[in-house]
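First the structure, in the form of structure tokens, and then the observations on it.
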Amino acid sequence: MSNRRSFLRKSALAGALTLLGVGVWRRNESRANHKSNDPTGSIFNDSTPTVALSTWRFGLKANAEAWSVLSKGGKSLDAVEAGVRVVEADPQERSVGYGGRPDRDGHVTLDACIMDELGNAGSVAFLQHIMHPVSVARAIMERTPHIMLCGSGALEFALKEGFKKQNLLTPESEAEWRRWLKDARYTPVVNIENHDTIGMLVRDTEGRISGACTTSGMAWKMHGRVGDSPLIGAGLYVDGQVGASTATGHGEEVIRIAGSHLVVELMRQGRTAEEACREAVNRAHAMFVRRGRDLRDTQIGFLAMRADGQAGAFALRNGFSYARTLDGGDTQLLNSPFLLP
Ligand code: GLY
């Protein structure tokens with residue numbers, strides 16, 4: 001009897017502990033679920049830096065514009081769109097938007113995409129005659145059931161949405177193209193004719209991250225060629241809980257490794273932003289070597305930001321730079337570390 005009472009007491013205690021344990025487990029589970037269902041809930045320790053990053057020197061003016069959106073309490077999605085539009089509209093920037101170098105047949109064809117922390121994405125490829133492809137990409141994201149429109153369909157959509165049709169080939173780009181036609185050989189000048197994309201990543205005061213990228217693509221490309229920039233997962237990828245990445249350089253090599261998605265997945269596994277970018281470059285490089293390709297004409301670079309705002313970059317070759325603006329608006333142009341001299 002006493003054994004039975006002792007057993008019952010122990011059972012009751014065990015039951016209570018089990019219930020307590022289940023209760024604790026349930027609380028933990030629900031906290032974990034809350035975290036993983038919250039698209040802006042970083043998987044890293046919470047912090048709230050506001051950060052803007054963008055590729056190349058022209059990123060300085062893109063960051064300044066993005067920062068003016070952020071400083072009024074604006075969303076990261078509005079900031080990235082506003083930032084890259086500055087570069088799209090600048091005819092002096094010969095690798096993006098208006099004034100971009102044409103394809104080998106003299107047509108300026110543009111690629112762009114945009115993505116927010118929830119996985120909303122829009123993309124436009126092989127678009128002609130519209131100065132702001134990033135805004136067409138955003139309109140596709142917000143006003144259609146699709147993610148990507150291309151070519152004449154994209155142009156038709158843009159015109160219906162009220163975008164203005166215009167000639168994007170400036171006299172300077174046309175003159176350069178005519179000079180190129182004399183030899184018509186494809187040997188791009190590294191970091192110039194294949195330094196081509198403005199990719200931008202922003203974390204706003206609410207911890208939302210968004211990205212955009214936009215380009216006229218490689219100079220003198222084949223008519224109809226589309227690079228990595230409008231491809232979600234190649235030229236840009238954003239996961240609100242993990243981070244974001246964007247790519248620049250030789251688009252074919254970025255597509256081959258699904259570069260920006262790879263960088264985000266590496267950050268999910270615990271790499272810092274720079275480590276993730278470095279590993280993606282190493283993979284692209286290994287693939288080059290396996291294919292016996294000549295690397296002399298090639299550059300690729302990745303820029304990344306973790307969901308907590310930690311940022312970094314890495315490039316195949318020397319020469320890739322990026323603009324970084326941190327809390328308080330302090331901006332620096334930084335040289336990316338690189339694999340090959
Ligand atoms: N990275 C831009 C392009 O290859 O078109």
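Both counts, for ligands and for their atoms, begin at 1 and track the order of listing.
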Exercise. For salt bridge (charged side-chain N to carboxylate O under 4.0 Å, His left out), just list the numbers for Glu252 and Arg293, CA-CA rounded to whole Å, side-chain angles, deciding distance to a tenth of an Å, and then say yes or no.
Key: CA-CA 13 Å; Glu252 282 75 2; Arg293 298 301 295 263; over 6 Å; no
Quiz item: Do we see a donor-acceptor contact under 3.5 Å between the side chains of Ser210 and Asp116?
Solution: no
Quiz item: Residues sharing Leu333's hydrophobic cluster, by side-chain heavy-atom contacts under 4.5 Å among ILVMFWY, directly or via others?
Solution: Leu60
Self-check item: Nonpolar side-chain network containing Val289, other nodes, edges under 4.5 Å
Solution: none
Quiz prompt | Derivation and outcome, salt bridge (charged side-chain N to carboxylate O under 4.0 Å, His left out), residues Arg85 and Glu88 | solution = CA-CA 5 Å; Arg85 278 175 62 100; Glu88 286 181 336; 5.7 Å; no
Using a 3.5 Å cut-off on N/O to N/O, what pairs does ligand 1 make with the protein? A line per pair would be great.
| residue | atom | partner | partner atom | Å |
| --- | --- | --- | --- | --- |
| ligand 1 | 1 (N) | Asp196 | OD1 | 3.2 |
| ligand 1 | 1 (N) | Thr197 | OG1 | 3.2 |
| ligand 1 | 1 (N) | Asp228 | OD1 | 2.6 |
| ligand 1 | 1 (N) | Gly249 | O | 2.7 |
| ligand 1 | 4 (O) | Arg225 | NH1 | 3.4 |
| ligand 1 | 4 (O) | Arg225 | NH2 | 2.9 |
| ligand 1 | 4 (O) | Asp228 | OD1 | 3.4 |
| ligand 1 | 4 (O) | Gly249 | O | 3.2 |
| ligand 1 | 4 (O) | Gly251 | N | 2.9 |
| ligand 1 | 5 (O) | Arg225 | NH1 | 2.6 |

Quiz prompt | Tyr98: ring-ring contact (aromatic ring centres under 6.0 Å, His included) partners, not counting sequence neighbours | solution = none
